[in-house]
Amino acid sequence: MQASPDRMSPQVIRTPSASAMWLRAISMTSAAMLLASCNEGVLDPHGPVGKAERVILYDSTAIMLAVVIPVIVLTLVFAWWFRARNSQARYRPDWEYSGRIEMIIWSIPALVILFLGGIAWTGSHDLDPPAPLAGSTAPLDIEVISLDWRWLFIYPHEGIASLNRLVVPAGVPLRFRLTSTTVMNSFFVPQLGSQIYTMPNMVTRLNLQADQPGTFEGLSAMFSGDGFSDMRFDLVSMGSEAFKDWVSTTKAHGGVLDTSTVAELIKPAKADGVQTYAQVSEGLFDRISLGSMATVSPQRGQ
C-alpha cells in the first residue's frame with residue numbers, strides 16, 4: 001500500500017556546520033592572500049637580481065618541504081598505527097637504539113644543511129650587491145641619500161636630482177652609491193631585489209636593473225623614527241627616449257640642490273611629495289658621505 005502524498009515525510013535540508021563554514025572561509029581567504037602576494041613584491045620580480053632571488057627562494061622552500069612534508073605524514077602514520085585499538089602494534093619499553101634510524105635521523109638534516117649552505121654560498125657570490133651586472137649597456141650612476149624621512153636621488157652625470165621619486169631607463173643597469181645623513185637605514189625595491197643598508201659616514205654599493213617599463217614601490221626596510229612608515233618612493237622605469245625627455249624637463253623646470261637646500265632637507269620631516277632639482281652642487285654626495293657638511297642636523301623627532 002502506497003502512502004498518500006499528503007502523508008509523506010518532508011525532505012530534510014542539511015545546512016553546512018559551523019566548522020565547515022569556517023574551514024571554507026579560511027581556505028578562500030588563504031587562497032586570495034596567496035594570489036595577491038604573487039602580483040607584487042619579491043614573488044613578482046622585474047629585474048635579473050629579483051628573478052635570481054626568487055629562484056633561490058623557491059629552491060630553499062622545496063628543500064625544506066622535502067623534510068616538512070614527510071615529517072607531517074609520518075607523524076600521522078605513527079599516531080594511527082600505535083593507536084590503542086591496534087593489537088598488531090608492539091609496545092617495547094626496553095628499546096633504546098637502532099643504527100638505521102640514527103642514520104636516517106642525522107643524514108636528512110645534514111643533507112638539508114648541505115643543500116641550503118650551497119645555495120647561500122653560490123647566491124652570495126653571484127648576487128653580491130657591489131658586483132656589476134652582466135651586459136653590454138653602460139650603467140646609469142645614481143647616488144642615494146636617506147634622510148629623515150625621505151629619499152634623495154642624485155644623477156651625477158646628468159647633473160640633476162629628485163626627491164622621493166626615482167626615474168630610470170628600462171633595460172639599463174643601475175649602479176648605486178648609497179649613504180645616510182643620520183642613522184642607518186635600508187634601501188629596498190622588492191620587485192628589483194637586494195635591499196642594502198645606508199649608513200652615515202659610509203658608502204655602500206648596489207647594482208640593479210628594471211627589465212621593462214613600469215612603476216615599482218620602493219621603501220625603507222628598517223625602522224628609523226617617527227616618519228619611517230611614510231618613507232616610501234616610486235621607482236619609475238621608462239623607455240630610453242622617455243627618460244631623456246624627463247632629464248631635459250627636469251633641467252628646465254627643477255630647482256637648485258646645494259648646501260643650503262640639503263640643510264633644509266636634513267631636518268626631520270615626513271614625506272611631502274616629489275621635488276626635482278635642475279642643478280646639483282659638485283661633490284655634494286661625497287661631502288655628505290664623509291660627514292663634512294658644515295650644516296649640523298637638529299635633534300630627531302623635532
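FYI, the numbering just counts along the sequence from 1.
Under the 4.5 Å side-chain heavy-atom criterion for ILVMFWY residues, no single connected hydrophobic cluster contains both Tyr197 and Val183. Hydrophobic clustering of Ile, Leu, Val, Met, Phe, Trp and Tyr side chains at less than 4.5 Å, counting indirect connections, unites Tyr155 with Val172. Follow the hydrophobic side-chain contacts under 4.5 Å out from Met222 and you never reach Val144; the two are in separate clusters. Linking Ile, Leu, Val, Met, Phe, Trp and Tyr whenever their side-chain heavy atoms come within less than 4.5 Å leaves Ile113 and Trp121 in two separate clusters. In this structure, Leu111 is a member of the same hydrophobic cluster as Ile108, with clusters built from ILVMFWY side-chain heavy atoms closer than 4.5 Å.
Atoms CZ and CZ, on Phe82 and Arg90 in that order, are 9.0 Å from each other to the nearest 0.5 Å. One distance of note links OG of Ser248 with CD of Glu158; it measures 10.5 Å at 0.5 Å rounding. A distance of 14.0 Å separates OG1 of Thr249 from NZ of Lys244, quoted to the nearest 0.5 Å. One distance of note links CZ of Phe216 with CG of Leu235; it measures 7.0 Å at 0.5 Å rounding. Of the inter-residue distances, the one linking Tyr91 atom OH with Asp94 atom CG reads 8.5 Å to the nearest 0.5 angstrom. Residue Ile56 holds its CD1 atom at 7.5 Å from CG of Asp126, rounded to the nearest 0.5 Å.
Geometrically, Arg83 engages Trp80 in a cation-pi contact defined by less than 6.0 Å to the ring centre and at most 45° from the axis.
Here the closest non-hydrogen pair linking Ser146 and Trp151 is CB-CZ3, 3.5 Å. Residue Asn164 comes nearest to Arg232 through the heavy atom pair OD1-O, 4.3 Å, listed as atom of the first residue, atom of the second, then distance. Residues Ser186 and Thr198 share a closest heavy-atom pair of N-OG1, 4.3 Å. Counting all heavy atoms, side chain and backbone alike, Leu65 lies closest to Pro70 at O-CD, 3.7 Å. Scanning all heavy atoms of the two residues, the minimum distance from Pro213 to Ala170 falls at N-CB, 3.8 Å. Taking all atoms of both residues into account, the shortest heavy-atom contact from Ala89 to Trp81 is CB-O, 3.5 Å.
Between the side chains of Ser162 and Thr276, no donor-acceptor pair of N or O atoms lies under 3.5 Å. No donor-acceptor contact under 3.5 angstrom links the side chains of Thr179 and Ser289, judged on distance only. Between the side chains of Gln279 and Tyr277, no donor-acceptor pair of N or O atoms lies under 3.5 Å. Using a 3.5 Å distance cut-off with no hydrogens or angles, the side chains of Thr261 and Asp258 do pair a donor with an acceptor. In summary, the side chains of Ser220 and Asn185 do present a donor paired with an acceptor at a separation below 3.5 Å, with no hydrogens or angles considered.
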Steps toward side-chain contact (heavy atoms from CB on, under 4.5 Å) verdict (Gln191, Val42) = CA-CA 5 Å; Gln191 290 181 278; Val42 295; over 6 Å; no
Determine, step by step, whether Asp148 and Thr181 satisfy the side-chain contact (heavy atoms from CB on, under 4.5 Å) criterion, reporting the C-alpha distance in whole Å, the side-chain angles of both residues, the deciding distance to 0.1 Å, and the verdict.
-> CA-CA 8 Å; Asp148 286 341; Thr181 57; 5.6 Å; no
Can you check side-chain hydrogen bond (donor to acceptor under 3.5 Å, both in side chains) on Thr215 and Asp234, steps first, answer last?
-> CA-CA 6 Å; Thr215 300; Asp234 287 333; over 6 Å; no
List the steps, then state whether side-chain contact (heavy atoms from CB on, under 4.5 Å) holds for Val247 with Ile160.
-> CA-CA 8 Å; Val247 172; Ile160 61 175; 4.1 Å; yes
Verify side-chain contact (heavy atoms from CB on, under 4.5 Å) between Val168 and Val236, making sure each step is shown before the conclusion.
-> CA-CA 6 Å; Val168 300; Val236 181; over 6 Å; no
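The distance between the ring centers of Phe153 and Phe176 does not fall below 6.0 angstrom.
Shown are Gln212, Gln209, Lys51; of these, the side chain to side chain donor-acceptor pair (under 3.5 Å) with His46 is made only by Gln212.
Between Leu152 and Phe233, the closest side-chain pair of non-hydrogen atoms is not below 4.5 Å. Asn207 places none of its side-chain heavy atoms less than 4.5 Å from the side chain of Leu174. Ile145 places a side-chain heavy atom less than 4.5 Å from the side chain of Leu147. For the pair Pro173/Thr137, a side-chain contact is recorded, criterion being any heavy-atom separation below 4.5 Å from C-beta on. Side-chain contact between Leu208 and Ser194: present, with at least one pair of heavy atoms (C-beta onward) separated by less than 4.5 Å. At least one side-chain heavy atom of Ile154 sits less than 4.5 Å from a side-chain heavy atom of Leu257. In this structure, Glu143 and Val203 have side chains that are not in contact, with every pair of non-hydrogen atoms separated by 4.5 Å or more. Between Leu116 and Ile63 there is a side-chain heavy-atom pair separated by less than 4.5 Å.
Checking side-chain atoms of Arg150 against main-chain N and O of Leu163 turns up no donor-acceptor pair under 3.5 Å. Panel note: side chain Thr122, backbone Ile119; no donor-acceptor pair is recorded below 3.5 Å. Of the possible donor and acceptor atoms, one in the side chain of Arg287 sits under 3.5 Å from a partner among the backbone N and O of Glu282. The closest donor-acceptor contact from the side chain of Ser281 to the backbone of Leu284 lies at 3.5 Å or more, if one exists at all. The closest donor-acceptor contact from the side chain of Ser107 to the backbone of Ile104 lies under 3.5 Å.
Salt-bridge annotation for Asp128 and Arg205: absent, with no side-chain N of the basic residue lying under 4.0 Å from a carboxylate O of the acidic one. The residues Arg175 and Asp141 are annotated as salt-bridged, a charged nitrogen and a carboxylate oxygen being separated by less than 4.0 angstrom.
Within 6.0 Å of the CH2 atom in Trp106, the count of heavy atoms belonging to other residues, nucleotides or ligands does not exceed 12. Atom CZ of Phe188 sits in a crowded spot, with more than 12 heavy atoms from other residues, nucleotides or ligands closer than 6.0 Å.
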